[in-house]
There are 2 protein chains.
Amino acid sequence: MKTSRLTSNDRAVLLGSRLFANLPAPAAEAVLEGATISRHEAQDVLFHQGDAIEHVFFVVSGLVRLYGTGKGGREADIAVFPRGALFGEKAVFLDQRATAHAQAVHPSIIAKLDGPRLCRLVREEADVAWALLELLCRHGQMTEKRLAEDRLLTAPQRVANYILGQCPGDSPAFTFRLPFQKNVLAGKLGLAPEALSRAFSTLRQSGVIVKGRLIEIRDREALERF
Amino acid sequence: MKTSRLTSNDRAVLLGSRLFANLPAPAAEAVLEGATISRHEAQDVLFHQGDAIEHVFFVVSGLVRLYGTGKGGREADIAVFPRGALFGEKAVFLDQRATAHAQAVHPSIIAKLDGPRLCRLVREEADVAWALLELLCRHGQMTEKRLAEDRLLTAPQRVANYILGQCPGDSPAFTFRLPFQKNVLAGKLGLAPEALSRAFSTLRQSGVIVKGRLIEIRDREALERF
DNA sequence: GTGGTGAGTTGACCTTGGTCAAAAGCTCAT
DNA sequence: ATGAGCTTTTGACCAAGGTCAACTCACCAC
């Protein structure tokens, strides 16, 4: 892992992300001030549970998963962050150590925003505070939704849900490409890879056709009914 | 459900809660301005998924559970809020409808803070923004922790965890009273009541003695090992 | 007391999904 | 094309926990 300054492309990705969408330019610039970039290979661990965190992390490109561990080295994903996502903010704002591990799933470019600086900005710039408040609310809702899903839905239902979440507007049939290995999807949904595979084959009878990473949905209705 | 103004006792509970702990008095007063109180019987539903939410809710006394529903009326608890907890803030800040149902578990006194007013305050008062940011971070971490627990731990392990969480400092043995029915604990832990019961009887062999709502722990070590 | 009600427990059974092992596809470098 | 090293699938098995029903227990009213 090597550290460097932001390229103009990095800046563009950052400024285009949700966090910065409603932030006036000067405030956005202030947030980026002092940010650094690091590159990571797939499987690289960004931090471990218990590590002191002094940055807020931003996925410029690649994919990062956040996971906890149990006995016997078992791992459970807490979240999977695609390009444009922010993480580590909770530990920074609460001035705590990391409560989970973070690992690059793909080769990734990560921007690190200076934690203490960001805390200061939150207190000084109402726009920054508001943007982060919204971001935290969205994160919270996602997590709550996943918790409820885990407790309410079976494996095929969770998969159906995920597929529907990827689907645009209201077309009755569509096709899309998984943005990562099935492996990763399984983790994200809280399933063993084998269970994901079986869930897909259960969904075949509802018009879901899987070829490698390509998912084809023939009958949206049937999926929703599942 | 009837609505009224805050009594001085209500004010005291609010001001003593975590949210207000580090808030200067004028800011705290501003937040409370225009707040109302409502009383609810056990089982009363405060709001349903999909309802428009114009207040942030605060538990002055009693107990409220937040839950989602699946097919066939199955319910899964997302969170259980004791006295002093705040909820509904995510929907308010994102200007969305409720993403879950909320129901009083015990007879409860609920303070309702004016949503739009609070949004305005967040933008005007840095202290308020910061306090809410911290609150959201704590909520988020709790939820993430529960998600990881659900995926990593068996029923007896989750129960052991809960018990240890109730235990003060580092005493090797202690006793405490459940603050609610086992029913509710089961929901909170994502278990059927029967499963909770069985988990308790599994834990007996690790020195956990349950008599009604009274839980006695003889050997903290054994519990942690579980 | 007696009966009633609601919480909690226990047992029997069954579904879901985890685990392990083997087979089947892919991708890529040679 | 060939083989190495993967991801993914499939099959067989098992364990955890949900469900339903019966039973116990505590508490309360009468």
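These numbers come from the heavy atoms of this one structure, side chains and all, not from hydrogens, waters or symmetry mates. Just so we're on the same page: letters track the sequence lines, and every chain starts at 1.
- Among the protein residues, A:Arg74 comes within range of the sugar-phosphate backbone only, with heavy atoms under 4.0 Å from sugar or phosphate atoms but none that close to a base.
- Distance A:Leu196 CG to D:dT7 P: 15 Å, rounded to the nearest Å.
- Note on A:Lys188 versus A:Asp77: no salt bridge recorded, every NZ/NE/NH1/NH2 to OD/OE distance being 4.0 Å or above.
- Using a 4.0 Å heavy-atom criterion, one finds that B:Gly190 contacts the sugar-phosphate atoms exclusively.
- Each of D:dG17, C:dG17, D:dT8 was ranked by its minimum atom distance to the side chain of B:Thr154; first place goes to D:dG17.
- Set against D:dG18, D:dT10, C:dG17, the side chain of B:Ala195 has D:dG18 as its closest nucleotide.
- Around the CZ atom of B:Arg18, the shell of radius 6.0 Å holds no more than 12 heavy atoms that belong to other residues, nucleotides or ligands.
- Distance from the side chain of B:Ser197 is smallest for C:dT9 among the nucleotides D:dT8, C:dT9, C:dG18.
- When distances are taken from the side chain of B:Leu191 to each of C:dG17, D:dG18, D:dT9, the shortest belongs to D:dG18.
- Summarising the geometry, the separation between CZ on A:Phe200 and P on D:dT10 is reported as 12 Å, rounded to the nearest angstrom.
- A salt bridge links A:Asp150 and B:Arg151; the closest N-O separation between the charged side-chain nitrogens and carboxylate oxygens is under 4.0 Å.
- Side-chain N/O atoms of B:Arg198 and base N/O atoms of C:dG11 include a donor-acceptor pair closer than 3.5 Å.
- Computed from coordinates, the B:Leu185 CG to C:dA7 C1' distance equals 14 Å when rounded to whole Å.
- When each of C:dG17, D:dT9, D:dT7 is scored by its nearest atom to the side-chain atoms of A:Ala155, the top-ranked nucleotide is C:dG17.
- Regarding contacts with the backbone of C:dG25, every side-chain N or O of A:Lys211 stays at 4.0 angstrom or more from both OP1 and OP2.
- Residue contacts shown for B:Glu194 include a base, since a base heavy atom lies under 4.0 Å away.
- Evaluated for a side chain to side chain contact (heavy atoms under 4.5 Å, CB included) with A:Phe81, the options A:Phe87, A:Phe57, A:Phe58 yield exactly one hit, A:Phe87.
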